[in-house]
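To start, the structure itself, in structure tokens.
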Number of protein chains: 4
Amino acid sequence: MKQKKPKYKQIIEAAVIVIAENGYHQAQVSKIAKQAGVADGTIYLYFKNKEDILVSLFQEKMGMFIEKIEDEIKLKQSAADQLYTLIEKHFSLLAEDHHLAIVTQLELRQSNKELRLRINEVLKGYLNVVDKIITSGKETGEFREDLDLRLTRQMIFGTIDETVTTWVMNDQKYDLSKQAKQVHDLFIYGFVKSK
Amino acid sequence: MKQKKPKYKQIIEAAVIVIAENGYHQAQVSKIAKQAGVADGTIYLYFKNKEDILVSLFQEKMGMFIEKIEDEIKLKQSAADQLYTLIEKHFSLLAEDHHLAIVTQLELRQSNKELRLRINEVLKGYLNVVDKIITSGKETGEFREDLDLRLTRQMIFGTIDETVTTWVMNDQKYDLSKQAKQVHDLFIYGFVKSK
Amino acid sequence: MKQKKPKYKQIIEAAVIVIAENGYHQAQVSKIAKQAGVADGTIYLYFKNKEDILVSLFQEKMGMFIEKIEDEIKLKQSAADQLYTLIEKHFSLLAEDHHLAIVTQLELRQSNKELRLRINEVLKGYLNVVDKIITSGKETGEFREDLDLRLTRQMIFGTIDETVTTWVMNDQKYDLSKQAKQVHDLFIYGFVKSK
Amino acid sequence: MKQKKPKYKQIIEAAVIVIAENGYHQAQVSKIAKQAGVADGTIYLYFKNKEDILVSLFQEKMGMFIEKIEDEIKLKQSAADQLYTLIEKHFSLLAEDHHLAIVTQLELRQSNKELRLRINEVLKGYLNVVDKIITSGKETGEFREDLDLRLTRQMIFGTIDETVTTWVMNDQKYDLSKQAKQVHDLFIYGFVKSK
DNA sequence: AATGAATGAGATTTCATTCAT
DNA sequence: TATGAATGAAATCTCATTCAT
């Protein structure tokens, strides 16, 4: 009774596992149902169609993802600290959930354009957090005033995303969280020697 | 020798067009054959299977891509100039070929994991060029000695790739090449105020 | 006793509405339940299965249909008058109930063979009335003695049924009852000029 | 080589057999393919979808049906003779092809409304033949001048159709063709005693 | 009597690949 | 070399019915 709709979450968790272990194209509804311990038809009591499972999965997971990151960021004063927190939290949250990392970095990208557009909508929440840090850093004088918002955002997201993807494709062999500091330094100071 | 296997190239060009215009999942072999002006069966005289078309497409196009970039880079002395050339050339080459930009940034990413692994193999050639620039910069003292090769490479590739993808998803509305300078500055100087 | 099982009638009326408005193949049990204001499971307290709803519907409606026609016919002396009454009453009863007309003429015909056989059983009551008129007409000398009972019955039912169906398919645009006289004349006098 | 597309006809003949023997709702595409001796996918080289098989079947068969009837009718002078020929030919053509009779009278009527609308389009060709006979009869003075075209057409088609359907539902036990004369007499002279 | 969440069987259609010509 | 007709495996989703409450 505590959980109002346990089956909804149950099916989403099952989808993460099935997709991570079998790959996007081998994640049939029947496999997800079996993993969730429900009948195939039950899936359709909670989701409109298969695509809806995937979008919901992304929304649920990414929603919590953003929430956790925002909670941590609030505790930081400087934009530089906030940026570090974003990176570190992004890395550690995915490092903690191997299945989710595989699903978001590799499998869900195989979805068709329409699904990807809907996933991008969800991503906007994340990018807004990034934007806030950049803008704040420019206002406090920590960052250059002439930083282009879009380009800077693309650098931050592109770098973090590529770093995680490489880590996943290398079978998550090394400690991702430990790289946060170096990535942060690259963002803040660039390639040149800092005095 | 120049025209030895015209159909091979013909089919690859057809594949680029068909994928760009119809999307990865709507690019059936029969559609590519029609676009190339050959029979379905003829495709299989030149390619082992459908995946082979896509890998070959990527190899051919990325091969020329890398070649052109390397040619330009050779003319530059400093690592910073080389990096700028890499960015600018990457942007301009894709801006020149809208179809190719769509195919590499959006459509080919929908392929399955196996195909993406083979595409990554091809990408290594590009990443080697990046690595050479980074190493050279560290040796000449232009870049910090403690730059992590992999992380720096991921930042460069991740940022450029995300920038191009965003540009493609925005229907290539703005001038991509013009952003090379700003991206370069972000890499070199980071977010902080340069003196 | 009047209101002994109100839900039974309630469900049948709901079925007529749902089938008329959604079509036979879109008349799911859950839709009928909703229209009747009961739960899906409740249906099965009153009907054995879905087919049973449809047969019961036909029995109820056709029972009243036949009763009304028989009541009117009793008042007529001659077979010709009885035949006219049959036609006119058949037309007017369906013209009065658009939903029922759609259900019996179009939708219920899409049912499977087995259901149609059971519907035919119900129809026999109607055909008996027809037979009585024919036999009576032959006995009184109004009709030819050599009329084949089955063929004559098929002509009467086939013509009336086809006339109603065409009228329903034409969206019940014209006044069906007004055609009773002409149809009756066709039966009695045939195509040739009567003297 | 004589037959340009033998598979097309082959599949239609297979569909008639499968539908007649298994019923409309048990006539899966795979069953039709098996009966036709082709692969499931081959069906879709010749037909857009399953509905297209059924419409094509009806068009092909009804087209030949009408053609044959028209050929015979042309040889007759009087409208009465033409009407007799129509009835007799209608009966004998269906009596000759038991499978077709089952399919047209029982099975195809279970199709959904859209398919039935398309079938009705095809039926118009038949009804036009009927109309021509009626009009001709009125012009020559054989039939009453005040015959309503639509009602008369409905009587002819309704009666013939009902007669055939009853015969099919009675397992085609009796000789249908032999009833043509009596049906014709009913049309021409009606129920009353002719002098 | 009444509920309604859960069940699970079943069929159309696509498309990469083959192979006889 | 080139053709293109034929193949056949494989998966989403619906909905009548049940049964624990």
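Residue numbers begin at 1 in each chain, while the letters A, B, ... track the order of the sequences. Note that this is a predicted model, so its numbers are computed, not measured.
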side-chain hydrogen bond (donor to acceptor under 3.5 Å, both in side chains) filter on Gln59(C), not counting sequence neighbours, yields none
Residues passing the side-chain hydrogen bond (donor to acceptor under 3.5 Å, both in side chains) test with Tyr126(C), sequence neighbours excluded, are His90(C)
First and last nt of DNA chain E near chain B, cut-off under 4.0 Å to heavy atoms, 5' to 3', are dC15(E) to dT18(E)
Quiz item: Looking across every strand, which nucleic acid part, if any, lies under 4.0 Å from Tyr46(B) by heavy atom: base, sugar-phosphate, or nothing?
Solution: sugar-phosphate
Sorted by chain and residue number, the side-chain contact (heavy atoms from CB on, under 4.5 Å) partners of Tyr44(C) (sequence neighbours excluded) come out as Val29(C)
Distances under 3.5 Å between protein N/O atoms and the N/O atoms of nucleotides 12-15 of chain F, please, pair by pair.
{"unit_1": "dT12(F)", "atom_1": "OP1", "unit_2": "Lys50(A)", "atom_2": "NZ", "d": "2.9"}
{"unit_1": "dT12(F)", "atom_1": "OP2", "unit_2": "Val29(A)", "atom_2": "N", "d": "3.2"}
{"unit_1": "dC13(F)", "atom_1": "OP2", "unit_2": "Tyr44(A)", "atom_2": "OH", "d": "2.8"}
{"unit_1": "dC13(F)", "atom_1": "OP2", "unit_2": "Lys50(A)", "atom_2": "N", "d": "3.0"}
{"unit_1": "dC15(F)", "atom_1": "OP1", "unit_2": "Gln28(C)", "atom_2": "NE2", "d": "3.0"}
{"unit_1": "dC15(F)", "atom_1": "OP2", "unit_2": "Gln28(C)", "atom_2": "NE2", "d": "3.3"}

- Query: Would a 4.5 Å heavy-atom cut-off, applied to side chains only, mark Ile19(C) and Leu54(C) as touching?
  - Reply: yes
Residues at least two apart in sequence or cross-chain that pass side-chain contact (heavy atoms from CB on, under 4.5 Å) with Gln105(A), listed by chain then number, are Leu94(A), Arg109(A), Asp161(A), Val164(A), Thr165(A), Val168(A)
Residue set satisfying salt bridge (Lys or Arg N to Asp or Glu O under 4.0 Å) with Arg116(A), at least two apart, ordered chain then number -> none
Residues pairing under salt bridge (charged side-chain N to carboxylate O under 4.0 Å, His left out) where one sits in residues 34-50 of chain C, two or more places apart or in two chains, turn out to be none
Only distances under 3.5 Å count here; give the side-chain donor-acceptor pairs of residues 7-14 of chain B to other protein atoms, sequence neighbours excluded, each with its distance to 0.1 Å.
{"unit_1": "Lys9(B)", "atom_1": "NZ", "unit_2": "Glu60(B)", "atom_2": "OE1", "d": "3.3"}
{"unit_1": "Gln10(B)", "atom_1": "NE2", "unit_2": "Ala36(B)", "atom_2": "O", "d": "2.8"}
{"unit_1": "Glu13(B)", "atom_1": "OE1", "unit_2": "Lys61(B)", "atom_2": "NZ", "d": "3.4"}
{"unit_1": "Glu13(B)", "atom_1": "OE2", "unit_2": "Lys61(B)", "atom_2": "NZ", "d": "3.1"}

The side-chain contact (heavy atoms from CB on, under 4.5 Å) partners of Gln26(A) (sequence neighbours excluded) come to Asn22(A), Gln28(A), Lys31(A)
With sequence neighbours left out, the residues meeting salt bridge (Lys or Arg N to Asp or Glu O under 4.0 Å) with Glu21(A) are none
- prompt: So what does Lys7(B) touch, heavy atoms closer than 4.0 Å: a base, only the sugar-phosphate, or nothing?
  reply: sugar-phosphate
Note, DNA chain E 5' to 3' with Watson-Crick or G-U pairs under 3.5 Å encoded as ( ), [ ], | and . gives .||||||||||||||||||||
The residue, Gly37(D) or Ala39(B), whose nearest nucleotide of DNA chain F is more 5′ is Ala39(B)
Separation of dG4(F) atom P from Ile43(B) atom CD1, nearest Å, is 13 Å
